Amino acid sequence: MMDSQENVLVNPSPVEEEAKVTNQEALAPEVSTADEAPQEAAPEKEPATEPVVEPAAGEPAKEEAAAEEPAAEEQPRRVYQTKQEVLERVKEIAHGEEPPQKDEVEQLKTVFYKLHIAEREANMKAFLDGGGDPEQYQVLPDEDEEVFKAEMGIIKERRQQQFRQQEAEKEANLKRKLEIIEKIKAMVTTPEEASKTYQEFKALQTEWREIKAVPAERANDLWRNYQHYVEQFYDLLKLNSEARELDFKKNLEAKTRLCEEAEKLAEETDIIGAFHKLQQLHAEYREIGPVSNELREEVWQRFKAASTVINKRHQQHFESLREREEQNLAKKTEICEKVEAIIAEENKSSADWDRHTQEIIALQAEWKTVGFAPQKMNVKIFERFRTACDQFFTSKGEHFKALKDTYKENADKKRALIEKAKALQDSTEWRSTSDKLIALQKEWKTIGMVPKRLGDQLWEEFLGACNKFFEARNAAGAGQRGEEHSNLEKKRDVIERLKAAAEEAGEGLQEKVQKLVEEYNAIGHVPFKEKDKLYEEYHAVLDKLYKELNISVAKRRLTKFKDSLKQVAERGEGALDNERARLMRQYEQMKQDIQTYENNLGFLSVSSKKGNSLIDEMNRKVAKLKDDLKLVMEKIKAIDAENKPQPAQAEKAEKAEKAEE
């Protein structure tokens, strides 16, 4: 018979769902539980023929089970409403006499950080509801958290000390049990000696049961050796057969009851609780003495079969849990990669920062929907996620701090332009002030952004100053625009009279045209939009008139010149030659003037309206010069005809005429 906390059939998984902490709670310093896990001994063997059930595939190894503590009875969990209640209980455990219990410590840690996160989120919500800027919110240090960490450190040290004491006690218990085995071994010599030492044997059995846990790795061998020599002792005992049969019957009834209880555990919905209950049943089973040889294997196989069902459910539960945790780890890793990818993107504007902020907030919300990762990775993956988020929001804060400085500088520049605009708003120097205000408006556009509300306010102020000036200017220019429209009508009337004169022709046309031109030029400005169209219409009529006038005038001049040649000839010999020479000089000068005008035309830009007007004017001058040039050439021909020049001279004059044509 053995102590109920020394041996179990199988080793339970050290993973407990209740020991998990939320992702946010992982911010707290982890209290190591690797050396605080409950101690569970290795499976024992039923006397004589009961085999040891090996752990199923996927079950934790014996070395893991060695780190487990005895499973305490399930107690109703206390409900904590505030962090202060949690801290008070943590301090009681840290400085009290009672040994720290792992389940309660993990519960306190989970509850504290749930309350801690809820309090921090409430503070942030209150800040935002009060109109605070999300980028300006800062998480302040929590003194309660620091106290909690310090007290948990004390508890951790106490648990480690408790574990070391337990290990020392196990070694001492092992030594005592080995001594008992040696004593029983010495008793197993002859039937006579066994009968004499029966009471001493029963005392050794009682002492064995009183000894608590031993190192797990020695439990199986120790139990087998103990059972081996106990069975040898019983075989040698010359006891009353009826008493022995009665003992076997009582043991059979007790073990049958344990088999029934083990079989009922298959209906339990609490898989973890059923597993721990099975461990207790196995401890009781080992404490019960042997049954008759013919029933030993049958009873043991029944108990073993019921145990196998619970063990498989327990194994499948934790395999499923580990699978879900691995899936959660993959999901959380993917979320971390998405956040890190967002950090790697360039934020060219505030809109980019806002868009990326919403994406990260969405990923944070998604993170909260994902369950726990494996315990050894849970803290690490959360630290990776938190570090990435902190990096983004730190960079965002720095960006908007710099942007705030830029906004201030831009606002100062715009205020300076407003002052300049206000200084000009009452000016009556319409042209120069208009140019200055337009320049200020262009400069305004070159200045960067400011916060929208302030930007709208500054723009309204600046626009008000500009509008005040332009409204005054428009009011003053209303009369001028009326005069320009009147001038437009007058000039159109002159153009119509020029068109009528072109149709009438006759004597006095030149004088009439000249008077209309003078009248046209005396009229003032017209609306700017009508200026070019009016100019083209006016000069089209004028060019037509001048062309007709030049032809008729040239004919009259040539006739008059021919009539005067006789008077020139009467002056004496050589007078006609002198006149011819003068005309030739005039002819050459006019040729040079024409060439000069034509060269200048090549340098003018036809892209501007001013350039087009100048070109038209120069073209008219060139046309008139060419008409005058022909008149001079006709005069030279008339002199040559009067002088009857030599054939060579006539040929030369004719060539010159053709060249001009």
Side-chain angles (χ1 to χ4, degrees), residues 1-10 41-54 177 180-211 219-266 277-311:
M1 299 175 66
M2 293 293 292
D3 180 72
S4 63
Q5 296 187 10
E6 179 180 320
N7 301 291
V8 293
L9 180 62
V10 293
E44 285 188 358
K45 178 181 178 183
E46 180 69 6
T49 62
E50 294 179 1
V52 176
V53 179
E54 294 297 331
K177 286 195 173 186
I180 291 174
I181 290 174
E182 290 300 322
K183 289 179 181 179
I184 294 176
K185 180 179 179 181
M187 294 177 183
V188 182
T189 54
T190 62
E192 294 79 10
E193 291 295 327
S195 298
K196 293 177 182 179
T197 58
Y198 180 72
Q199 295 302 323
E200 182 182 355
F201 170 75
K202 297 298 290 183
L204 289 175
Q205 282 188 314
T206 300
E207 181 181 357
W208 176 279
R209 287 192 298 271
E210 291 173 352
I211 299 173
N220 274 340
D221 291 341
L222 189 70
W223 175 252
R224 282 194 291 268
N225 289 337
Y226 173 73
Q227 289 293 85
H228 173 71
Y229 291 112
V230 166
E231 289 174 7
Q232 282 190 4
F233 186 87
Y234 273 116
D235 290 340
L236 293 174
L237 276 177
K238 292 194 181 281
L239 297 176
N240 185 292
S241 59
E242 292 183 2
R244 183 174 179 83
E245 289 299 325
L246 181 62
D247 193 26
F248 282 166
K249 181 180 179 182
K250 289 170 60 179
N251 293 342
L252 177 61
E253 291 175 352
K255 289 192 174 184
T256 300
R257 176 182 57 81
L258 294 182
C259 289
E260 293 171 351
E261 291 185 24
E263 290 165 349
K264 289 181 180 180
L265 290 178
K277 180 64 177 175
L278 179 65
Q279 312 309 305
Q280 297 174 8
L281 295 179
H282 271 272
E284 292 181 37
Y285 192 96
R286 293 189 179 89
E287 296 300 327
I288 300 172
V291 298
S292 60
N293 283 333
E294 61 272 15
L295 295 175
R296 283 180 185 176
E297 183 64 21
E298 178 183 346
V299 174
W300 171 246
Q301 289 299 329
R302 180 181 178 184
F303 189 62
K304 176 183 173 184
S307 300
T308 300
V309 173
I310 306 304
N311 289 334

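This one's a predicted model, so the numbers in the text were calculated from it and none came from an experiment.
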| message | side chain to side chain contact (heavy atoms under 4.5 Å, CB included) for H228 and R224? Distances and angles first, verdict last. | response | CA-CA 6 Å; H228 173 71; R224 282 194 291 268; over 6 Å; no
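Judged by distance alone, the side chains of Q227 and E231 never bring a donor and an acceptor atom under 3.5 Å apart.
Annotation: side chain of R209 is in contact with side chain of Q205 (closest heavy-atom distance under 4.5 Å).
Using the six-membered ring where Trp is involved, F303 and Y285 have ring planes that are parallel, under 30° apart on the 30 and 60° scheme.
Separation of atoms OH (Y229) and CG (L204) is listed at 14.5 Å; rounding is to 0.5 Å. One distance of note links CD1 of I180 with CZ of F201; it measures 11.0 Å at 0.5 Å rounding. Note that CG of N311 and NZ of K304 are 11.0 Å apart. Values are rounded to the nearest 0.5 Å.
Taking both residues in full, the closest heavy atoms of L265 and L281 are given as CD1-CD1, 3.8 Å, listed atom of the first, atom of the second, then distance. The nearest pair of heavy atoms linking N225 to I181 is CB-CD1, 4.0 Å. When every heavy atom of A254 is checked against every heavy atom of I288, the shortest pair comes out as CB-CD1, 3.3 Å. Scanning all heavy atoms of the two residues, the minimum distance from L258 to E284 falls at CD2-OE1, 3.5 Å. Closest non-hydrogen pair, C259 versus V299, comes out as SG-O, 3.8 Å.
Checking side-chain atoms of N251 against main-chain N and O of P290 turns up a donor-acceptor pair under 3.5 Å.
The pair E263-R302 meets the salt-bridge criterion, with a side-chain N (NZ, NE, NH1 or NH2) lying under 4.0 Å from an Asp/Glu carboxylate O. In this structure, E261 pairs ionically with R257, as a charged nitrogen and a carboxylate oxygen lie closer than 4.0 Å.
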